[in-house]
*Asks:* 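Quick one: the structure is below, questions incoming.
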Amino acid sequence: MAPVQSSHLVKICIRQATSADIPTLRDLIEASVRALQSKDYSASQIDSALATVFGVDTQLIADGTYFVAENVGATVPVVQGAPPDPLIVGCGGWSKRKTLYGGDQWTGREAALLDPQQDAAKIRAFFIHPAWARRGIGSMILDACESAARAAGFNCFEMGATLTGVPLYQARGYVAVENLEVPLANGETLPIVRMEKRDC
């Protein structure tokens with residue numbers, strides 16, 4: 001995909017994720033969850049969710065439906081002695097399979113293919129690097145996902161949104177339809193919200 005110019009003096013490119021990105025994505029997901037979701041979930045919920053729910057979904061990468069946002073050329077000066085910005089600053093995808101949420105380690109996965117004429121594409125696994133939050137990157141990835149899903153014949157979308165992600169998706173036309181409790185290995189649950197966007 002062509003680079004997309006953001007409004008914050010950096011150039012962001014959205015591209016399909018590859019298997020070579022997996023180690024970076026693992027680090028990004030953990031950093032994102034620990035920093036950005038700490039206001040909505042407890043430390044024990046986050047620890048358990050990272051072990052059993054959140055993570056890289058290699059099926060999305062294999063299907064070509066997972067995207068990364070790369071910082072391909074900041075136009076703002078680098079602060080002397082500051083750590084370099086991460087190259088991959090966000091990730092997210094869509095799925096033509098039944099699984100609503102969860103990385104490779106999630107046991108409740110369903111790999112069956114969806115019917116674009118009857119089913120909603122799943123919006124999946126959005127994570128933004130904490131240093132790059134609230135710069136519109138999640139919206140850029142969501143645009144790429146919705147466009148790609150529409151090109152594959154889908155007109156409806158649904159997701160299992162974290163509490164942290166709900167405001168973004170509401171702003172983008174998604175409606176909350178059900179509160180869910182994801183069971184965690186430590187005996188707790190992780191509240192999420194099933195949301196839909198129906199253009200069909």
Side-chain angles (χ1 to χ4, degrees), residues 17 19-63 65-69 83 86 88-112 114 119-134 137-138 141-142 145 157-172 174-197:
S19 57
D21 297 320
I22 291 173
T24 301
L25 292 174
R26 285 189 181 124
D27 292 342
L28 183 150
I29 289 168
E30 179 161 0
S32 177
V33 170
R34 291 195 182 282
L36 301 181
Q37 297 189 17
S38 60
K39 291 181 180 178
D40 296 300
Y41 301 113
S42 69
S44 61
Q45 285 175 312
I46 286 173
D47 286 342
S48 192
L50 282 167
T52 58
V53 183
F54 296 139
V56 177
D57 184 338
T58 55
Q59 182 69 68
L60 294 178
I61 295 175
D63 286 345
T65 61
Y66 203 55
F67 298 99
V68 297
I88 295 179
V89 298
C91 55
W94 70 278
S95 181
K96 55 188 175 183
R97 300 179 186 275
K98 288 191 175 180
T99 298
L100 186 62
Y101 55 83
D104 287 350
Q105 73 275 38
W106 175 242
T107 57
R109 299 160 62 78
E110 297 180 77
L114 300 168
D119 300 318
K122 310 302 189 225
I123 300 298
R124 300 275 317 281
F126 272 59
F127 301 96
I128 306 301
H129 191 283
W132 288 78
R134 290 173 290 280
I137 292 170
I141 300 171
L142 186 57
C145 290
F157 311 95
E158 70 173 344
M159 68 179 69
T162 62
L163 301 181
T164 310
V166 166
L168 165 65
Y169 301 123
Q170 284 180 329
R172 296 300 308 271
Y174 286 79
V175 176
V177 294
E178 184 181 10
N179 293 323
L180 302 174
E181 297 283 340
V182 179
L184 300 174
N186 67 355
E188 295 184 83
T189 61
L190 188 79
I192 65 170
V193 181
R194 189 167 70 84
M195 304 186 76
E196 293 181 345
K197 182 177 185 179

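All values below were derived from every heavy atom in this structure, side-chain atoms included, with hydrogens, water molecules and symmetry-related copies excluded. Along the sequence shown, the residues carry numbers beginning at 1.
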*Asks:* Listed by chain and number, what are the side-chain contact (heavy atoms from CB on, under 4.5 Å) partners of T164, not counting sequence neighbours?
*Replies:*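 If we apply the side-chain contact (heavy atoms from CB on, under 4.5 Å) test to T164, skipping adjacent residues, the hits are Q37, D40, Y41, T162.
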*Asks:* Roughly how far, to the nearest 0.5 Å, is the CH2 atom of W132 from the CG atom of L28?
*Replies:*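 L28 CG to W132 CH2: 12.0 Å, rounded to 0.5 Å.
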*Asks:* Which distance, rounded to the nearest 0.5 Å, do you find between the NZ of K39 and the CG of L163?
*Replies:*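 It is 14.0 Å, given to the nearest 0.5 Å.
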*Asks:* Can you name the nearest heavy-atom pair linking A161 to Y169, along with the distance?
*Replies:*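 Between these two residues, the closest heavy atoms are CB-CD1, 3.8 Å.
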*Asks:* To the nearest 0.5 Å, what is the distance between CG (L100) and CD1 (I192)?
*Replies:* 6.0 Å
*Asks:* Heavy atoms only: give me the nearest A49-L184 pair and the separation to one decimal.
*Replies:*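 Here A49 and L184 meet closest at CA-CD2, 3.9 Å.
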*Asks:* To the nearest 0.5 angstrom, please state how far the CZ atom of R194 sits from the CE atom of M159.
*Replies:* 11.5 Å
*Asks:* I'd like to know if the side chain of T52 and the backbone of S48 have a donor-acceptor N/O pair within less than 3.5 Å.
*Replies:* yes
*Asks:* Which heavy-atom pair separates A31 from P130 by the least distance, and what is that distance?
*Replies:*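 So the minimum-distance heavy-atom pair works out to O-CG, 3.6 Å.
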*Asks:* Please step through side chain to side chain contact (heavy atoms under 4.5 Å, CB included) for the pair S32 and F54, ending with a clear verdict.
*Replies:* CA-CA 11 Å; S32 177; F54 296 139; over 6 Å; no
*Asks:* To the nearest 0.5 Å, what is the distance between NZ on K197 and CD1 on I123?
*Replies:*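 Rounded to the nearest 0.5 Å, the NZ-CD1 separation comes out at 8.5 Å.
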*Asks:* Ignoring hydrogens and angles, tell me if any N or O in the side chain of R124 forms a donor-acceptor pair with the backbone of G160 under 3.5 Å.
*Replies:* no
*Asks:* So which atom in A17 and which in I61 form the shortest heavy-atom distance, rounded to 0.1 Å?
*Replies:* O-CG2, 3.7 Å
*Asks:* Just wondering, do C145 and F157 contact through their side chains at under 4.5 Å, heavy atoms?
*Replies:*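 Of all side-chain heavy-atom pairs linking C145 with F157, none is under 4.5 Å.
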*Asks:* Is the shortest side-chain heavy-atom distance between Q170 and M195 below 4.5 Å?
*Replies:*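 Yes - at least one pair of side-chain heavy atoms lies under 4.5 Å apart.
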*Asks:* Go through the steps to decide whether K122 and L114 satisfy the test side chain to side chain contact (heavy atoms under 4.5 Å, CB included), and finish with yes or no.
*Replies:* CA-CA 9 Å; K122 310 302 189 225; L114 300 168; 4.2 Å; yes
*Asks:* Is D21 close to Y66 at the side-chain level, that is, under 4.5 Å between some pair of heavy atoms?
*Replies:*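 Counting from C-beta outward, Y66 and D21 never come under 4.5 Å.
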*Asks:* Work out which heavy atom in L36 is nearest to a heavy atom in I128; give both atom names and the distance.
*Replies:* CD1-O, 3.4 Å
*Asks:* Taking all atoms of both residues into account, what is the closest heavy-atom pair of R34 and D47, and its distance?
*Replies:* NH1-OD1, 2.7 Å
*Asks:* Taking side-chain contact (heavy atoms from CB on, under 4.5 Å) as the test, write out the residues that go with R172, two or more places apart.
*Replies:* S139, L142, D143, E146, L168, Y174
*Asks:* How long is the gap from SG on C91 to CG on D57, to the nearest 0.5 Å?
*Replies:*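 Separation between the atoms: 11.0 Å.
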*Asks:* Please list all pairs passing the side-chain hydrogen bond (donor to acceptor under 3.5 Å, both in side chains) test where one or both residues lie in residues 91-103, with sequence neighbours left out.
*Replies:*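 Qualifying pairs: D63-R97.
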